[in-house]
Amino acid sequence: MLALLLAALTVASAVEIVEAYEREALTVFGEYRRLLEPGVHLIPPFVSRTYPFDVRTQTFDVPQQEAITRDNSPVTADAVVYLRVMDAKRAFLEVDDYETAVSNLAQTTLRATLGDMDLDDTLARRELINDRIHEELDEPTDQWGIRVEAVEVREVNPSRDVQRAMEQQSSAERRRRAMILEAQGERRSAVESAEGQKSAAILEAQGEKQSQILEAQGDSIATVLRAKAAESMGERAVIERGMETLEAIGQGESTTFVLPQELTSLVGRYGRHLSGSDVGGKGSGMESRDFDAETRELLGLDDVDAALEDLVSQADDDLTTGEKAGVEGEPAVADEPDAAFEREE
């Protein structure tokens, strides 16, 4: 039984099984012999020792560290380091405990990195912190056969006093932005209101101007028509007004009347015209006579034709504009000055 037990212990000590994700360093009498790859290996019994190394990516937490930033603000931070054993022989021979070594190196590097930065940078530039820690860890870990794959800073927390000051600053910044937005809104509202009032004033002025133009056109047409009517009346109109005046005089109680010489001459001519008599010399008919040059200039009769042509041209323009407006969906209404002149005449 003792021999069987000794044989079992010998076999168990001589056979070493290495997992697929491991590498093992073999020492015999304390001397490094070789690195065992995954599989089953026979080693010298009782005098051999193996040291396994996990070659998969491993995660190590960097404990929370306190640091003082460049602008004298206390902060606390922690990180996560992702590393992998690339050379198990060097990891066995070059460093005592690579996990502890990497963790301690990451702590000191994290504190140094935070101390070289301002508080705002430590809070906003996480990628910069990660890159700097990664660079600082690369050189020493390469000598140990370890590769640092990534470094991630999880939290950077300022002190409570700094947090309260930052909250007050953030609140003040939000109030400032709200006041700016409110002022911009009021300014935009005032600008739009002023533009609306300006447009309304322009439309009102245009309407008033159009009304004045139409009123002036109406007065001009009436003046021209009166002038044309006065021109056509001539002497006959004057005699008829004189006869109406005589009739009014005859209806009075007085029996003595004083008549101007011009009126008596006109009455005589009117009588000869009615009786057909030629007594008293050659008489002139009652045809209408033109106004003299001074009267025509006073009445502006010489400019009547030009004024009529201008009015007709203006009316044609208004009619054309009205027709265009009618095509666009609004009814077009145009005056007919020529017909109005003919009816008045």
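Owing to the predicted nature of the structure, the values given are computational and were not obtained by experimental measurement.
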Would you indicate whether R154, at its atom CZ, is surrounded by more than 12 heavy atoms from other residues, nucleotides or ligands within a distance under 6.0 Å?
yes
For D97, look at atom CG and say whether over 12 heavy atoms of other residues, nucleotides or ligands are found less than 6.0 Å away.
yes
Quick check on side-chain contact (heavy atoms from CB on, under 4.5 Å): which of V81, L114, L137 does T109 satisfy it with?
L137
Please answer whether the main-chain N or O of L6 pairs with a side-chain N or O of T10 as donor and acceptor at a distance below 3.5 Å.
yes
V151 versus V80: any side-chain heavy-atom pair under 4.5 Å?
no
Kindly work out whether a path of hydrophobic side-chain contacts (I/L/V/M/F/W/Y, heavy atoms less than 4.5 Å apart) joins Y98 to V55.
no
Of I129, D71, T69, V156, which is the lone residue that meets side-chain contact (heavy atoms from CB on, under 4.5 Å) with M117?
I129
Is it true that a side-chain atom of S48 and a backbone atom of P45 form a donor plus acceptor pair closer than 3.5 Å?
no
Check whether any side-chain heavy atom of H41 sits under 4.5 Å from a side-chain heavy atom of R34, and report yes or no.
yes
Checking the side chain of Q65 only, and the main-chain atoms of P63 only, is there a donor and an acceptor separated by less than 3.5 Å?
yes
Quick check against the 3.5 Å criterion: does N130 have a side-chain atom that pairs as donor or acceptor with the backbone of A150?
no
What I'd like to find out is whether the side chain of M1 reaches to under 4.5 Å of the side chain of L5, using heavy atoms alone.
no
Are side-chain heavy atoms of Q58 and R84 found at a separation under 4.5 Å?
no
Answer yes or no: are there more than 12 heavy-atom neighbours, outside R176 itself, under 6.0 Å from its atom CZ?
yes
Is the CD atom of Q163 crowded by more than 12 outside heavy atoms at less than 6.0 Å?
yes
Does any non-hydrogen side-chain atom of V153 lie less than 4.5 Å from one of I133?
yes
Do other residues, nucleotides or ligands put more than 12 heavy atoms under 6.0 Å from F46 CZ?
yes
side-chain contact (heavy atoms from CB on, under 4.5 Å), that's the test. Do F60 and L83 meet it? Break it down for me.
CA-CA 8 Å; F60 295 94; L83 55 84; 3.3 Å; yes
Enumerate the residue pairs fulfilling salt bridge (Lys or Arg N to Asp or Glu O under 4.0 Å) with a member in residues 128-151, sequence neighbours excluded, ordered by first and then second residue.
D116-R132, R147-E149
Tell me whether D87 is salt-bridged to K89, with the criterion being a basic N under 4.0 Å from an acidic carboxylate O.
no
Test item: S13 side-chain N/O and L9 main-chain N/O as donor-acceptor pair under 3.5 Å:
no
E22 side chain reached by P38 side chain, heavy atoms, under 4.5 Å:
no
Go through the steps to decide whether V102 and L105 satisfy the test side-chain contact (heavy atoms from CB on, under 4.5 Å), and finish with yes or no.
CA-CA 5 Å; V102 171; L105 183 59; 5.7 Å; no
Passing option when S171 is tested against R175, E173, Q169, Q168 for side-chain hydrogen bond (donor to acceptor under 3.5 Å, both in side chains):
R175
Answer whether the closest heavy-atom distance between the side chains of P158 and S73 falls below 4.5 Å.
no
Can you confirm whether D78 sits close enough to V62 that some side-chain heavy atom of one is under 4.5 Å from a side-chain heavy atom of the other?
no
Kindly work out whether a path of hydrophobic side-chain contacts (I/L/V/M/F/W/Y, heavy atoms less than 4.5 Å apart) joins V75 to V162.
yes
Could you tell me whether the side chain of T122 and the main chain of L119 form a donor-acceptor pair under 3.5 Å?
yes
Donor-acceptor pair, distance only, cut-off 3.5 Å: does the side chain of D54 make one with the backbone of R56?
yes
